[in-house]
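First comes the structure, then the notes that go with it.
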Amino acid sequence: MCGIVGYNGKDSVTDQLLESLELLEYRGYDSAGLATLNETTGKVKLRKCAGRVADLRKICQNDKKISTCGIGHTRWATHGGVNDVNAHPHRSGDVLLVHNGIVENYEELIDHFMLHKELKSQTDTEVVAAVLNKFYQGDPHEAICKTVKYLKGTFALVVMFVDQPEVIYAIRNVSPIVAACNQNGTMLASDVAALGSTADKYMVIPEYVITELHKNEIKLFDLKGKPVEPHFMDIDWDTTRDGKGKYPFYMEKEIMEQPDVIKATMEERIIDGKIDLSGDGVPDEVLRDCERICVVACGTAMHAGLVAKSLVQSRLGMHMNVEYASEFMYGNPVIDEKTLVLAISQSGETIDTLEALKYARKKGAKSIAVINVKGSSIARESDYVMYTSAGPEIAVASTKAYTTQLAVLFLLVGRMAKVRGVFDDGAEKAYLENMVQAPDKMQQVLDQKHDIHKIAREMLDAKDAYMLGRGLDYSILLEGALKLKEVSYIHTEAYASGELKHGTIALITENTPVVATVTQEKLKDKELSNIREVQSRGASVVLFVKDGIDLADAEYADVFTLPAMMDEFMVFPASAALQLLAYYVSMDKGLDVDKPRNLAKVVTVE
Ligand code: AGP
C-alpha cells in the first residue's frame, strides 16, 4: 500500500509528480504529498494534506512550478491517523523521505535514538527520516547503509538530502520500486503504470541496492559501494488508461468490459479448437506430474481459487487446497516438490501472496502465477506466469480481474485434464464449447443491467444481508458478498445454505434481505428448500436462478433468470449479475464506488 514516486529531469517536477500520484492513487487515498527541491536556490517546498491527490493538486495550484527534482506519496495509513501531519513526505533536518511498507521496530528505534522530543507525527516513516538524519554527515550512502541495518520490516524508501539537490536516493526491502529513464529525465515509482507513457524500458530496483536518480542516468550500488549493473526490461504492454468513457465509475466500465477481456484472455490459449498453453511457457510435465494443487491468494483472487477447486476435484479427481495467503504459513502446509502452487493476484504485488509463494517455492513446490499486471513482483517470483488480459483495473473492487482469472483457471484445468488423460479430444471439445460461450452469456446478463438496478434499489436501506447457496453457488456467493460489502458498506455474509440450521438462521428476521443463487442442477432441490426455510422466518429473498430450473409456484421478492450454461460455467453469468447488484447499491447510496473507504487496490503490507 501507499504509492511513492520520484522525478529528476528537465520538466516541472510538480506536474510530473501529481500525474504519477493520480496513477498510483489506487494504492491508497488517505492523504497525499510532495516535496520539491530547487537545484539553483537549494530551496525545499513541502506540500501535503489529508485527502485525495485532487486536494493536493489544489494546494499546488498557485505554486511556481520551477523545480525539476522531487518526491511524492499517496498514503494508506498504517501507523497514525489520517491527517496532514502524518501525510508524507516527512522531513527531519536535511532529510526528506517518502516510504511504502511497515517498519516494525519503530518504537525500539525511537527509544534507541532518543527521538521522542523531535517527532511531530505518529508515523513509522518519520522515525526512519529521523534516524537517517542522525547518521547523515554529508554522505548519503553512509547514512542509508547505517539506517537500513537498523530497520525491521518491509520498506521502499525514496529520499532527498537538502544539500544534494541533484540526486534522489532510494532503497528497498520487499516493497517494490521500479525506475525508468527517458529523454526528459529519470523516474521511479511503486509500479510501472506510474512511470509515464514515454518510457519504453524499466528496471526493478533490486533489494538492498542504493539507487541514485540523476537527471539523465540511474546508478545502482550495493551496500559496500560497489556499482551494480542495472538490468533494464522492455515495457511491452500498454500502461495508458483510457478513462471512464461513458460510465460514471470505473467499476461499471470494468464490469461491462468482461465479455471482451475474457475473449482476449482465451484467444491465444485456444488454438485449432484445443487448449494450448505453449505461449505461457507452462510445460505439460508440470501439469502432469504434480500430485497436489494449492492456491495461495487473497480476497477476490482467493474466491477464484475456490471455483477452480470445485473444477479440479470434479474433473481431475485431484486434491486441491485453497488458502488465504495471509494464513498459509501458519497452518504448516504440506508442500513438497510434487505440489503445484497457483498464486493468483490481479496486481501481482499483494505481499501475503508473494510471501506465501516464496515459502512454497522454498519447500520445493513448482509454481504458476495467474496475474494481471505484467512484470509485477509475484510474476517475477514464480516459475511460470499466465497473464490475464483484463487490462488496467482501476476500481478497487475487482470484477474483470476475477472473471479473467476464472478463464485462465478453467483453461489450466482443461489442459491438465488433457495431459493427465482425463479428457480425450471429444471431452476437451465439449469443455471448450462451453467455455467459449461464457462471454456471450455474460453479455446477456449485462444487457439486462436495468433489471438488476431495480433489484438493487430494494436493498439500499439494508444494514445486513445474507447470501445463501451450496457447492459452487456458495463459492460464487462468497465473492458476491465481498463485492456488496466492500462497495455498499452493507454487512453481508455468504453462508453455505446447509449450515443455516446450525446457527445462522437465528439472524433471519422479518424482511432480512437474502440473496441466493440456484445454478447447480443437482443441488437445486436442497437449495430451494433452504430458501423456503428463511422465507418462513420472514426473509425477503432475491433469487438468481439458472434458466430452466423450475421454481414451482414459490414466490420471491425478486427473481432474475441467468442464461443457462453447463453448471460448472454458471459462475460467469452469475458473477456478472452479483457485481452489478453491488455496483448499483453503492451508486444509489451515493458512495464513492471506485474508492471505498479504508481500502486500497494493492495491499503491500502484511
Ligand atoms: C476485491 O474486490 C478486493 N479489493 C480484494 O479482495 C483483492 O482481490 C485482494 O486484495 C487481492 O488483490 P490481488 O488480486 O491484487 O492480489
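Ligands are counted one by one from 1 in listed order, and the atoms in each one are counted from 1 as well. Because the structure is a prediction, the values reported are computed rather than measured.
- When the shell of 6.0 Å around NZ of Lys595 is examined, it contains more than 12 heavy atoms from other residues, nucleotides or ligands.
- Of the protein's non-hydrogen atoms, the one nearest atom 14 (O) of ligand 1 is Gln346 N, 2.6 Å.
- Residue Val396 places a heavy atom less than 4.0 Å from ligand 1.
- For atom 11 (C) of ligand 1, the closest non-hydrogen atom of the protein is Cys298 O, 3.3 Å.
- When all heavy atoms of Pro563 and Gln444 are compared, the pair lying nearest together is CB-OE1, 3.3 Å.
- Closest to atom 7 (C) of ligand 1 among all protein heavy atoms lies Thr300 N, 4.1 Å.
- Taking the charged nitrogens against the carboxylate oxygens, Asp30 and Arg597 have no contact shorter than 4.0 Å, which rules out a salt bridge.
- Distances below 4.0 Å separate heavy atoms of Ser347 from the following atoms of ligand 1: 13 (P), 15 (O), 16 (O).
- Salt bridge Lys601/Glu393: present, at least one basic N to carboxylate O contact under 4.0 Å.
- For Lys483 and Glu479, the salt-bridge test passes: some basic side-chain N is under 4.0 Å from an acidic carboxylate O.
- Classification of the Tyr359-Phe328 ring pair by plane angle, with boundaries at 30° and 60°, yields perpendicular.
- Close approach of ligand 1 to Lys483 (heavy-atom distance below 4.0 Å) involves ligand atoms 1 (C), 2 (O).
- For ligand 1, the atoms sitting less than 4.0 Å from at least one non-hydrogen atom of Ala397 are 2 (O), numbered in the order shown with element in parentheses.
- Residue Ser398 approaches ligand 1 through these ligand atoms, each under 4.0 Å from one of its heavy atoms: 1 (C), 2 (O).
- One side chain, Gln443 or Asp447, offers a donor N or O that lies under 3.5 Å from an acceptor on the other.
- Near Gly299, with a cut-off below 4.0 Å to any heavy atom, the atoms of ligand 1 are 6 (O).
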